[in-house]
Amino acid sequence: MSGPSLAHRIRVEAHAVWLAARDRRTPIAAKFVGLLIAAYALSPIDLIPDFIPVLGLVDDAVLIPLGIWLFERLVPKDVMAEHRAAAEIAAERPVSLWGIAIVAAIWLLAAWAVWSLVSVDWD
């Protein structure tokens, strides 16, 4: 059986960076770099949109791992190891169906509200 996928590893590493960036033992410069990396990894907005062939996915495949590499150089090894282990455990937890349902309900409610505003006869 093969090991974890690249997407899984990047997701775990980005979560570990997020956790370590919020740790009081992490140096200030590393906190700044870590928060930028985590924000970029979790953001739906990319520097190069994903719909652009090849380049759209390359920025995620290059920028995030390079940022994680830099962050790991700025953080004490024991701090990063601790948060990597916590992120790995969190990745193994089952997905919350209630959480998915709540988020879907919020999006449906927001869509209904926008539709209601747009479809009002303003005459």
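Hydrogens, waters and symmetry mates play no part in the numbers below; they use all other heavy atoms, side chains included. Sequential numbering from 1 along the given sequence is applied to the chain's residues.
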Sequence-distant partners of R22, side-chain hydrogen bond (donor to acceptor under 3.5 Å, both in side chains), two or more places apart: none
Tracing side-chain contacts under 4.5 Å among Ile, Leu, Val, Met, Phe, Trp and Tyr outward from L36 reaches F32
Is L19 isolated, or which residues cluster with it under the ILVMFWY side-chain rule of less than 4.5 Å, directly or via members? W18, L35
For [X] against [Y], the heavy-atom pair lying closest together:
X	Y	value
V12	A87	O-CB, 3.4 Å
P65	I10	CG-CD1, 4.2 Å
P27	L74	CG-O, 3.5 Å
T26	A20	OG1-O, 2.5 Å
F71	A21	CZ-N, 3.8 Å

Nearest 0.5 angstrom please: [X] [atom1] to [Y] [atom2], how far?
X	Y	atom1	atom2	result
D78	H83	CG	NE2	9.0 Å
E13	M80	CD	CE	5.0 Å
E92	H8	CD	NE2	7.0 Å

Non-neighbouring partners of R25 that pass salt bridge (charged side-chain N to carboxylate O under 4.0 Å, His left out), sequence neighbours left out: D23, E82
Got a sec, which residues hit salt bridge (charged side-chain N to carboxylate O under 4.0 Å, His left out) with R11, two or more places apart in sequence or on another chain? none
N/O donor-acceptor pairs under 3.5 Å from side chains in residues 99-114, not counting sequence neighbours:
none

